[in-house]
Amino acid sequence: MTTVAELMDYDEVLERFDPVLGLEVHVELNTNTKMFCGCANVFGGEPNTHVCPTCLGLPGALPAVNGKAVESAIRIGLALNCEIARWCRFARKNYFYPDMPKNFQTSQYDEPIAFNGHLDVVLDDGTVFGVDIERAHMEEDTGKSLHVGGHTGRIHGAEHSLLDYNRAGVPLIEIVTKPLVGVGARAPEVARAYVRALRDLLSALGVSDVRMDQGSLRCDANVSLMPKGATVFGTRTETKNVNSLRSVERAVRYEMTRQGAVLTAGGTVTQETRHFDESTGATSSGRTKETAEDYRYFPEPDLVPIAPPREWVEQLRSTLPEPPWQRRKRIQAEWGLTDLELRDLVNADALDIVLDTVRAGAPPAEARSWWVSYLLQRANAGGVELADLAITPAQVARVIALVADGSLTNKLAREVVDGVLAGEGAPEEVVDRRGLRVVSDDSALLAAIDEALAGQPDVAEKIRGGKVQAAGAIVGAVMKATKGQADAKRVRELVISRCGE
Ligand code: ADP
Ligand code: MG
Ligand code: ZN
């Protein structure tokens with residue numbers, strides 16, 4: 001049975017309460033192999049084909065730490081301005097779930113590899129919000145269960161479940177924030193902006209493919225409310241595995257309005273995990289939350305402690321990329337963008353794709369304009385990300401070059417882009433197939449002009465008499481005759497010179 005929760009008006013929530021946020025982000029590393037065994041670390045694949053005795057938790061199988069994963073963990077910690085542990089261990093987190101055959105997850109508990117960091121997050125209006133990072137620790141992913149026969153894909157109501165252990169043992173880094181206070185009305189926006197900033201940072205580090213839609217970046221959003229002016233935090237809920245930036249924002253907002261209604265009606269918020277439903281935008285109750293004691297954490301006896309030498313840590317520090325916000329500032333200066341133009345680029349997730357287009361030879365202004373206007377419209381219309389559009393930055397650069405050399409008008413260029421998006425091939429192929437080239441041959445244009453002048457002798461007379469404004473009617477007729485495939489400016493020049501002869 002599902003009951004529809006009472007919600008409180010958002011503004012009313014803010015009049016009565018202060019929200020507190022806590023974000024836990026899990027990121028799957030893109031190492032070649034898994035965290036504690038040599039199995040391939042790849043997304044998907046035939047179920048149970050990337051498994052071995054270690055990641056299946058068979059008796060007697062022993063784990064060994066993936067050095068590359070430790071390296072990525074340290075680089076992530078450094079990029080988040082964390083301290084790096086001089087000595088730390090793995091811990092067993094005991095609980096039962098069928099997708100975790102060992103019945104414990106190898107994780108870190110009170111000895112994380114990285115701790116006490118911070119990340120500056122830029123909000124939509126350019127305000128910078130500093131997020132304190134509690135810790136970043138190493139752990140392993142679980143397998144995947146597929147619940148069959150129900151309506152929701154959840155275990156409730158399913159007839160049977162299938163288990164795929166390909167993901168079991170994939171290296172994960174869990175990044176946990178300190179409680180974020182003082183965010184007020186901007187709580188949902190801060191949550192989204194933080195996950196975006198983290199995603200961009202991890203992507204720049206090259207440690208993960210950060211695909212929220214494929215689960216390689218997942219966010220659990222903790223939310224609580226406390227009465228205005230209070231200093232003790234309220235009880236939090238933890239909405240699990242929210243898998244898009246937009247959903248992070250919606251889930252936080254929903255929980256605020258739900259908890260506001262519960263508390264105002266005199267009820268109490270239950271500490272529990274919740275699920276976010278993309279289609280309704282609502283969260284629903286999951287399991288009541290275990291406390292740390294329930295997990296019976298204890299140090300993992302089968303793995304040696306990790307004591308990264310300082311020289312190694314410093315050497316890894318020197319491999320850090322330019323931080324995303326600094327890179328943005330640099331590009332803004334190089335391209336001469338206003339704050340608003342930069343923000344539009346960032347909000348459309350277009351920065352990298354525009355950079356690639358520029359690298360493929362397009363001028364920055366044109367590259368930017370194509371991606372944040374026409375292509376963004378097309379992406380929004382199809383409900384996909386810019387990066388998922390069926391056109392490459394190199395192809396966009398090619399279209400821009402065809403406009404620059406006069407082979408295409410802007411209007412024709414949009415048709416070429418439509419053709420590429422529709423799978424009709426590369427820009428040149430679409431131009432040929434759809435016959436979209438600009439009629440640039442003056443003799444062909446002149447023939448069309450003469451025909452138009454003959455068709456409208458009164459207009460022709462006016463132009464000959466010096467009324468060049470009248471040329472518009474002839475230009476219009478020529479554009480129509482050439483199906484828009486002429487350069488209107490050139491046609492106008494030709495009409496005027498023709499009538500002046
Ligand atoms: P758990 O193991 O229960 O998920 P974690 O310590 O991993 O706990 O993460 C809890 C997250 O919630 C952290 O980001 C923490 O800062 C945050 N948090 C803790 N208490 C509250 C609260 N009362 N309201 C909102 N967030 C909270
Ligand atoms: Mg947690
Ligand atoms: Zn394995």
Side-chain angles (χ1 to χ4, degrees), residues 17-26 31-42 45 48-58 61-64 66 91 93 95 101-102 105-110 112 115-119 131-137 139-143 164-183 187 190-191 194-195 198 218-227 230-241 251-252 255-256 259 263 268-274 286-295 297:
F17 301 101
D18 285 323
V20 177
L21 283 178
L23 298 159
E24 299 168 64
V25 169
H26 286 89
T31 50
N32 293 331
T33 55
K34 291 186 180 181
M35 190 74 207
F36 302 114
C37 64
C39 290
N41 172 21
V42 285
N48 300 308
T49 51
H50 303 300
V51 292
C52 74
T54 300
C55 56
L56 286 175
L58 300 188
L62 286 174
N66 180 337
K93 180 179 184 180
Y95 66 101
K102 298 188 296 190
Q105 181 186 30
T106 308
S107 181
Q108 294 195 288
Y109 179 46
D110 50 353
F115 50 94
N116 280 347
H118 71 264
L119 179 65
V131 172
D132 288 332
I133 307 289
E134 166 95 35
R135 63 178 196 271
H137 71 243
E139 58 183 34
E140 59 181 337
D141 213 341
T142 58
D164 175 8
Y165 293 111
N166 281 351
R167 198 180 67 176
V170 164
L172 277 187
I173 305 296
E174 179 174 340
I175 301 160
V176 184
T177 67
K178 297 207 166 125
L180 309 185
V181 292
V183 285
V190 167
Y194 167 74
V195 178
L198 194 53
R218 316 193 281 268
C219 174
D220 302 342
N222 293 267
V223 179
S224 68
L225 296 179
M226 55 184 176
T231 48
V232 179
F233 294 166
T235 304
R236 69 185 156 111
T237 59
E238 180 181 352
T239 304
K240 303 289 279 182
N241 294 335
V252 169
E255 268 305 287
M256 287 170 64
Q259 292 182 15
L263 293 171
T268 51
V269 171
T270 312
Q271 177 157 343
E272 62 183 357
T273 65
R274 297 183 67 87
R287 60 188 154 90
T288 44
K289 186 71 188 179
E290 298 82 354
T291 58
E293 292 81 64
D294 295 331
Y295 291 126
Y297 277 102

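Whatever order the structure lists them in is the order used to number ligands and atoms, beginning at 1. Starting from 1, each residue takes its place in the sequence as its number.
F36 has its side chain out of reach of N66: every pair of non-hydrogen atoms, C-beta onward, lies at least 4.5 Å apart. Inter-residue side-chain proximity for D294 and Y95 is flagged as unmet; no heavy-atom pair is nearer than 4.5 Å.
Closest heavy-atom approach to atom 11 (C) of ligand 1 within the set V20, I133, N222, I175: this belongs to N222. Selection from G22, S107, S224 by nearest heavy atom to atom 22 (C) of ligand 1 gives S224. Looking at E24, K93, E134 and measuring to atom 4 (O) of ligand 1, the nearest heavy atom belongs to E24.
Our summary of the site lists the angle at the Zn ion (ligand 3) between SG of C39 and SG of C55 as 110°, to the nearest 10 degrees. Around the Zn ion (ligand 3), the two atoms SG of C37 and SG of C52 are separated by an angle of 110°, to 10 degrees.
Annotation for ligand 1: atoms under 4.0 Å from non-hydrogen atoms of T177 are 13 (C), 14 (O), 15 (C), 16 (O). If you number the atoms of ligand 1 from 1 as listed, the ones under 4.0 Å from a heavy atom of V176 come out as 9 (O), 13 (C), 14 (O). For ligand 1 and R135, the ligand atoms under 4.0 Å from any heavy atom of the residue are 6 (O), 7 (O). Listed by atom number, the atoms of ligand 1 under 4.0 Å from K178 heavy atoms are 16 (O). Close approach to P179 involves these atoms of ligand 1, each under 4.0 Å from a residue heavy atom: 16 (O).
Within the 3.5 Å criterion, the main-chain N or O of E238 finds no donor-acceptor partner in the side chain of E255. Remark: the backbone N or O of V170 is not paired with any side-chain donor or acceptor of N41 at under 3.5 angstrom. With hydrogens and angles disregarded, no donor-acceptor distance shorter than 3.5 Å links the side chain of T237 to the backbone of E272. The backbone N or O of N48 lies less than 3.5 Å from a partner atom in the side chain of D164, making a donor-acceptor pair.
Looking at D110 and R135, no side-chain N of the basic residue comes within less than 4.0 Å of a carboxylate O on the acidic one, giving no salt bridge. Ion pair E140/K34 not flagged as a salt bridge, since none of the NZ, NE, NH1 or NH2 atoms sits closer than 4.0 Å to an Asp/Glu carboxylate oxygen.
The Zn ion (ligand 3) has no N, O or S atom of H50 under 2.8 Å away, backbone or side chain.
Residue contact check for ligand 1: E238 places a non-hydrogen atom closer than 4.0 Å to it.
Relative to the ring axis of Y297, K93 does not place its NZ or CZ within 45° and under 6.0 Å from the centre.
Only the backbone of L23 comes within 4.0 Å of ligand 1, counting heavy atoms alone; no side-chain atom from C-beta on gets that close. Using a 4.0 Å cut-off between heavy atoms, T235 makes no contact with ligand 1 at all.
There is a side-chain donor-acceptor pair under 3.5 Å between H137 and E139.
Any N or O atom pair closer than 3.5 Å counts here, and G234 shares at least one such pair with ligand 1.
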